[in-house]
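One structure is given below, encoded as structure tokens.
Read the numbers this way: they start at 1 and go in the same order the structure lists the ligands and their atoms.
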Amino acid sequence: MMNPRGRLFGLGVGPGDPELITVKALRLLREAPVVAYFVAKGKRGNAFGIIEAHLQAQQTLLPLVYPVTTEALPAPLSYEQVISDFYDEAAEQVAAHLDAGRDVAVICEGDPFFYGSYMYLHDRLAQRFEAEVIPGVCSMLGGASVLGAPLVYRNQTLTVLSGVLPAEELKRRLADADAAVIMKLGRNFPKVRQVLAELGLDQRALYVERATMANQKIVALDAVDPQSSPYFSLIIVPGEKWQG
Ligand SMILES: C[S@@+](CC[C@H](N)C(=O)[O-])C[C@H]1O[C@@H](n2cnc3c(N)ncnc32)[C@H](O)[C@@H]1O
């Protein structure tokens, strides 16, 4: 008889504090024969660090190593093409286990469907295999909690922005926002801080690095060293307080 096919799980593992993983994600993680995770070349992987203590010896680890660390590639290479080929390959590596009847848990920091790389596997595999996503506490919610910053009051609208956007685009969207979260800072930090200053939002904006992780750092926006602002950081512009 043929093996039943394995199931694909996208497991949100939360923003960093290992206790912020859901009961369901932890159960599925422990049950999975194969645990896959995206990781930069030469790094341990952020999501991997969060769940490492729960792994068992018999589980197979499947690191999916990004071929590049920056979107700026020398011509004729195109980031979109290189990364799309990589996701195709990664999906086939995962599919080989699923075809052999092994469930694969792909761990993802925060939530898998909130800027999570898992989504690129999901897009490629969810039509072929049974797939389930377990939501996680996303970084902006972890960030809001450690900053003690209620995000949106009453009927306010929250705008989530990527720091990668050009300054003009950031400015236009922030000018209209009741409350905002800006992700993907790192080398984009100086541009984002400048835009916030131009809009007079720099006094309201709050900054956190590695929210909820053991090495979390909360720094005043004007005291952040732009040379060392890490990728795992975000800015929150909380909504105006409403005295409910
Ligand atoms: C590829 S996105 C992943 C988002 C993740 N799936 C989530 O649900 O939050 C990476 C960005 O998330 C943010 N991020 C993730 N974890 C963070 C943390 N613990 N503290 C601050 N920012 C974090 C940073 O802005 C980082 O550039």
Side-chain angles (χ1 to χ4, degrees), residues 9-22 24-25 29 36-40 43-52 64-66 68-71 79-80 83 86-87 90 105-123 133-149 151 158-165 170 173-174 179-193 195-196 205-221 224 226 228-238:
F9 294 104
L11 302 186
V13 301
D17 178 346
E19 289 190 330
L20 287 177
I21 188 170
T22 65
K24 186 164 185 174
L29 172 71
Y37 56 100
F38 287 99
V39 62
K43 295 273 167 68
R44 251 173 90 243
N46 194 39
F48 184 78
I50 296 171
I51 57 88
E52 192 175 9
L64 304 166
V65 184
Y66 289 110
V68 287
T69 52
T70 169
E71 293 191 15
Y79 174 78
E80 286 72 19
I83 209 74
F86 164 64
Y87 287 134
V106 183
I107 53 168
C108 189
E109 66 234 358
D111 181 272
F113 278 173
F114 185 68
Y115 295 117
S117 296
Y118 165 77
M119 66 180 69
Y120 304 110
L121 296 178
H122 193 91
D123 287 347
V133 172
I134 312 304
V137 176
C138 67
S139 56
M140 68 171 176
L141 298 181
S145 69
V146 299
L147 288 165
L151 276 176
L158 177 66
T159 301
V160 180
L161 296 167
S162 162
V164 175
L165 290 173
L170 280 170
R173 291 176 183 265
L174 279 167
V181 175
I182 309 160
M183 325 253 309
K184 302 191 179 185
L185 294 174
R187 70 187 68 182
N188 300 299
F189 177 83
K191 169 185 64 186
V192 173
R193 182 162 62 183
V195 168
L196 288 166
L206 303 165
Y207 170 88
V208 60
E209 295 175 2
R210 305 183 193 87
T212 83
M213 298 180 195
N215 53 355
Q216 165 185 301
K217 216 164 124 191
I218 296 175
V219 189
L221 196 64
V224 176
S228 66
S229 167
Y231 178 70
F232 284 102
S233 61
L234 54 80
I235 289 174
I236 290 180
V237 182

Checklist line | Which atom of Ala25 lies closest to which atom of Leu11, heavy atoms considered | finding: O-CD1, 3.6 Å
Check: Who pairs with Pro230 by side chain to side chain contact (heavy atoms under 4.5 Å, CB included), at least two apart in sequence or on another chain?
Finding: Tyr207, Glu209, Arg210, Ser233
Item checked: Side-chain donor/acceptor of Arg193 to backbone N/O of Val224, under 3.5 Å -> yes
Note to self: Does the residue Thr212 have a heavy-atom contact with ligand 1, meaning some pair of atoms that are separated by less than 4.0 Å?
What the structure shows: no
Next item on the list: Taking all non-hydrogen atoms of both residues into account, name the closest pair between Pro112 and Val133 and its distance.
Entry: CG-CG1, 3.9 Å
Notebook entry, point to check: So which protein heavy atom does atom 18 (C) of ligand 1 come closest to, and at what separation?
Noted result: Ala211 N, 3.5 Å
Notebook entry, point to check: Got a sec, which residues hit ring-ring contact (aromatic ring centres under 6.0 Å, His included) with Phe113, two or more places apart in sequence or on another chain?
Noted result: His122
Check: Does an N or O from Tyr115, backbone or side chain, lie closer than 3.5 Å to an N or O of ligand 1?
Finding: no
Note to self: For ligand 1, which is the ligand I care about here, please tell me if Val137 has any N or O atom under 3.5 Å from one of the ligand's N or O atoms.
What the structure shows: no
Margin query: Can you give me the closest heavy-atom contact between Val106 and Phe38, atom names plus distance?
Written below: CG1-CE1, 4.5 Å
Next item on the list: Could you tell me whether some N/O pair between Phe114 and ligand 1 is separated by less than 3.5 angstrom?
Entry: yes
Next item on the list: Considering heavy atoms of the protein only, find what lies nearest to atom 8 (O) of ligand 1 and give residue, atom and distance to 0.1 Å.
Entry: Asp111 N, 2.7 Å
Notebook entry, point to check: In ligand 1, which numbered atoms sit nearer than 4.0 Å to a non-hydrogen atom of Cys138?
Noted result: 7 (C), 8 (O), 9 (O)
Check: Where is the tightest heavy-atom contact between Pro15 and Gly142, given as atom of each residue plus distance?
Finding: CG-CA, 4.2 Å
Item checked: Asn46 N/O under 3.5 Å from ligand 1 N/O -> no
Checklist line | Heavy atom of Ser233, distance to ligand 1 below 4.0 Å | finding: yes
Margin query: Less than 4.0 Å is my threshold; does some heavy atom of Pro15 fall inside it relative to ligand 1?
Written below: yes
Note to self: Tell me the nearest of Gly16, Ser139, Gly110 to atom 9 (O) of ligand 1, using heavy-atom distances.
What the structure shows: Ser139
Next item on the list: Would you check the N or O atoms of Glu209, main chain and side chain alike, for any that come under 3.5 Å of an N or O of ligand 1?
Entry: no
Note to self: Heavy-atom pairs closer than 4.0 Å: do any link ligand 1 to the side chain of Met213, the backbone, both, or neither?
What the structure shows: side chain
Notebook entry, point to check: Between the side chain of Lys191 and the main-chain N/O of Leu165, is any donor-acceptor distance below 3.5 Å?
Noted result: yes
Checklist line | Considering all heavy atoms, the nearest Ala144-Leu151 contact | finding: CB-CG, 3.9 Å
Notebook entry, point to check: Does the N or O separation between Met183 and ligand 1 drop below 3.5 Å for any pair?
Noted result: no
Notebook entry, point to check: Which protein non-hydrogen atom lies closest to atom 26 (C) of ligand 1, naming both residue and atom, and how far is it?
Noted result: Tyr231 O, 3.2 Å
Next item on the list: Taking Gln216 for its side chain and Thr212 for its backbone only, find out whether a donor-acceptor pair lies under 3.5 Å.
Entry: yes
